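To keep things clear, I will list the structure first and then write my remarks on it.
Chain identifiers are assigned alphabetically (A, B, ...) following the order of the sequence lines, protein sequences preceding nucleic acid strands; residue numbering begins at 1 within each chain. Note that the structure is predicted; figures quoted are calculated from it, not measured.
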There are 2 protein chains.
Amino acid sequence: MPTKCINCPLRKRDVFVEMSECELAFMQEFKAGELKVEPGTTLMLEGSSSPQLYTVLDGMGLRYKMLENGERQVISFVMPGDFIGLQAGVMREMKHSVEASTDMVLCVFDRRTLWGLFRDHPERAFDLTWLAAVEEHFLGESLVVIGHMNGLARIARAFVRLHDRGESLGLAQNGVMKLPYKQQDLADALGLSLVHTNKSLKKLRERGIAEWRNGTLKILSYGKLCEMGLLDEKREMMKRPLI
Amino acid sequence: MPTKCINCPLRKRDVFVEMSECELAFMQEFKAGELKVEPGTTLMLEGSSSPQLYTVLDGMGLRYKMLENGERQVISFVMPGDFIGLQAGVMREMKHSVEASTDMVLCVFDRRTLWGLFRDHPERAFDLTWLAAVEEHFLGESLVVIGHMNGLARIARAFVRLHDRGESLGLAQNGVMKLPYKQQDLADALGLSLVHTNKSLKKLRERGIAEWRNGTLKILSYGKLCEMGLLDEKREMMKRPLI
DNA sequence: CGACAAATTGATGGCTGTCAAGACGTGTGG
DNA sequence: CCACACGTCTTGACAGCCATCAATTTGTCG
């Protein structure tokens, strides 16, 4: 089964490897089994110290932090190949929660084997650090988006990033991919209200740029979308007639 | 010299160690020397792959990303003990720049020795990963702040975090610490305009909560400051009479 | 059909960006 | 010593993006 395993800590950096190879190596020492979960399942809870770590084999999810007042900040979207629980592995506890948005299949391994991995397999430990650095990079990108772009641009940028990521995972074809999230999820990720997110999505539809309905994202004009996902296009963008 | 070295990859997790011990261990294999730089010096450039990595021994700086239109997103504030260049060490290139805001003293070591560290000193490699996880955590916090708090609350939260961090480093006394940044730096970190940042700072002064002038931050009411740095205090907060 | 979650739409208010001008401090040169 | 340039900080006016409230529609499920 030629599934790709992009971010699995056993894969080689910057290249794709076959899942079978990845799993084979894992099985040797670390893999404790596979886990299937339903939508809504909480995989990691902020403040807890899960005894198990996961690599996503299939399905999508969300990383998020809950705030005192009930609001929520979505940190990132979880896709196949993502590693879940690094914080629990090296720190005392998780600093955010992880939840399944669809049915998910997870590669499970034991947190206690992590130290053995560092001791006996430095190249894999290196990959883990690489993973963490990549996460840091993407969070920095998100800061830029939320800190400097208006609502429409944030959504456009998010769509481009999600689509590109999906495409590299083989989850997108001809600009169409499954995006099994709610508008509220996207709003919480971009620091926007649900209402404003909804209205911005409408604009993207009306302008024939992108559609996102029933869990499916369709990129109608990749060029325009990228254009809108840039900074300071505000004025030009907003003055453009709506179709 | 009993300086603290909090985040140095050689320190023990969750505890403080004497700088001397830290440096001693470093000298054995990895430390290549010390570096002194002036304010404004670019330590790392986004897109480059620096051959040298640093641990900050003294001084403060900024991590930031430059945007196409000339705007800037400050990712975080650099303080003594911080590690600089992890991305360059494990990825192809840096994803953000790092600049000195004051005179800085840096512990330098060679990027090429990083792999040897993973191979021969797994406990230190583990610490490096820990560092990366901590960074991820703080970036997530920043996302929450920028995504869900108004201007005044963002500044209040930033002051609390900066002060607490400074205090744990022995850089703050009685709520007073050096904060050698410009208002523009803070604005770029919080996703606010310079003008709005300035006006919010004025409010904090008028209410007798915090002052930040001439590079010195004075916390006048830690309690109130924390209160303001919370979510959804908006309405209560804004309705309070100004003095 | 009724209950519920999710998506949609309109009206209103305010936080915040932008523009513009001035004040303040510092260093340089005449 | 003063004039000037320069960066930083400060303040006011104005516009607009966006949050909030409220109500309706759509889709799903039993």
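In this structure, CD of Q183(B) is placed 6 Å from C1' of dC9(D), rounded to the nearest angstrom. Rounded to an integer number of Å, the gap from CE of M149(A) to C1' of dC18(D) is 15 Å. Regarding H196(B), its NE2 atom lies at a distance of 15 Å from the P atom of dT11(D), rounded to whole Å. Protein atom CG of N69(B) is 10 Å distant from nucleotide atom P of dT18(C), rounded to whole Å. The separation between H148(B) atom NE2 and dA19(D) atom P is 10 Å, rounded to whole Å. Atom pair E71(A):CD and dA19(D):C1' shows a separation of 10 Å (rounding to whole Å applied). Per the geometry, CD1 belonging to I155(A) stands 13 Å off P belonging to dA7(C), to the nearest Å. The separation between I146(B) atom CD1 and dT16(C) atom P is 12 Å, rounded to whole Å.
Judged by distance alone, with hydrogens and angles left aside, K199(B) brings no side-chain donor or acceptor close enough to the base of dG17(C) to form a pair under 3.5 Å.
The phosphate of dG7(D) (OP1 or OP2) has no side-chain N or O of Q184(B) nearer than 4.0 angstrom. Of the side-chain N and O atoms in R213(B), none sit less than 4.0 angstrom from OP1 or OP2 of dC24(C). Note on N198(B): every side-chain N or O is 4.0 Å or more away from OP1 and OP2 of dC9(D). Remark: R205(A) is in phosphate contact with dT8(C), judged by side-chain N or O atoms under 4.0 Å from OP1 or OP2.
Rounding to the nearest 0.5 Å places CE of M149(A) at 10.0 Å from CG of L67(B).
Backbone-only engagement by G191(B) is indicated by non-hydrogen atom pairs under 4.0 Å involving sugar-phosphate atoms exclusively. In this structure, L201(B) reaches neither bases nor backbone, as no heavy-atom distance under 4.0 Å exists between it and the strands shown.
Comparing dG12(D), dG10(C), dC9(D) by their closest approach to the side chain of K202(B) singles out dG12(D). Comparing atom distances between the S193(B) side chain and each of dC9(D), dG17(C), dA19(D) picks out dG17(C) as nearest. Counting only heavy atoms from C-beta on, K182(A) has its side chain closest to dA7(C) among dA7(C), dT9(C), dT10(D).
Between S200(B) and V195(B), it is S200(B) whose nearest contact on DNA chain C lies nearer the 5' terminus. Nearer the 5' end of DNA chain D, as judged by each residue's closest nucleotide, is the contact made by L194(A), out of N214(A) and L194(A).
F83(B) and F109(B) have tilted rings, their planes meeting at an angle from 30° to 60° on a 0 to 90° scale.
Between L162(B) and W212(B), every side-chain heavy-atom pair lies at or beyond the 4.5 Å cut-off.
Ion pairing between a basic and an acidic side chain is recognised when a charged N comes within 4.0 Å of a carboxylate O; R165(B) and D82(B) show such pairing.
Residues Y64(B) and E99(B) bring a donor and an acceptor atom of their side chains to less than 3.5 Å of each other.
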